[in-house]
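Shown next, in structure tokens, is the structure this report addresses.
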Amino acid sequence: IGDYILSNGEIAAAAIFNTVARLIDGVLGNPLSLIEESFENGMLEYPQYTRPECYRGLSVPEILKSGHHKLINEWRLSESKKITAKIKNS
């Protein structure tokens with residue numbers, strides 16, 4: 001499940017169980033959540049933000065506060081491409 005050492009097999013089993021269970025109809029509150037997850041489209045997911053709007057000098061990008069859904073989706077796609085390229089090239 002990853003490149004690390006666990007203290008026992010139960011943790012790995014729980015992670016695999018959770019991964020598989022998410023694919024069963026009705027497990028997720030919103031089935032559309034599966035569409036925008038990391039790796040669903042071959043790219044890593046865009047950054048996620050929450051409150052407060054500014055934390056330790058980092059701020060939520062203005063575009064995400066704009067309410068302009070088309071521009072927000074374009075920003076998300078652009079960020080996904082950047083993150084994916086950075087990881088693949090490292």
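The first residue of the sequence shown is numbered 1, and numbering continues consecutively from there.
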Quick check: does any side chain N or O of T84 sit under 3.5 Å from a backbone N or O of K81, one acting as donor and the other as acceptor?
no
Is a side-chain N or O of S80 found less than 3.5 angstrom from the main chain of R76, in a donor-acceptor match?
yes
Same apolar cluster (I L V M F W Y, side chains within < 4.5 Å links), L71/Y49:
yes
Looking at every non-hydrogen atom in both residues, tell me the closest pair between S7 and I11 and how far apart they are.
OG-CD1, 4.0 Å
Nearest heavy-atom neighbours spanning T19 and A15
OG1-O, 2.8 Å
Partners meeting side-chain contact (heavy atoms from CB on, under 4.5 Å) with N89 (sequence neighbours left out):
A85
side-chain contact (heavy atoms from CB on, under 4.5 Å) partners of E79, counting only residues at least two apart:
Y46, P47, W75, K82
Under 3.5 Å, side-chain donor or acceptor atoms of residues 59-66 against the rest of the protein: list the pairs with distances, not counting sequence neighbours.
from: E62; atom 1: OE2; to: K65; atom 2: NZ; distance (Å): 3.0
from: K65; atom 1: NZ; to: E53; atom 2: OE1; distance (Å): 3.1
from: S66; atom 1: OG; to: I63; atom 2: O; distance (Å): 2.7
from: S66; atom 1: OG; to: H68; atom 2: N; distance (Å): 3.1

Measure the CG-CD1 distance between N18 and I16 for me, rounded to the nearest 0.5 Å.
11.0 Å
Linking Ile, Leu, Val, Met, Phe, Trp and Tyr through side-chain heavy atoms less than 4.5 Å apart, which residues share a cluster with V27?
I24
Counting heavy atoms not belonging to Y55, are there more than 12 under 6.0 Å from its OH?
no
Identify, with sequence neighbours excluded, every residue that meets salt bridge (charged side-chain N to carboxylate O under 4.0 Å, His left out) alongside K86.
none
Which residues satisfy the side chain to side chain donor-acceptor pair (under 3.5 Å) test with Q48, sequence neighbours excluded?
E45
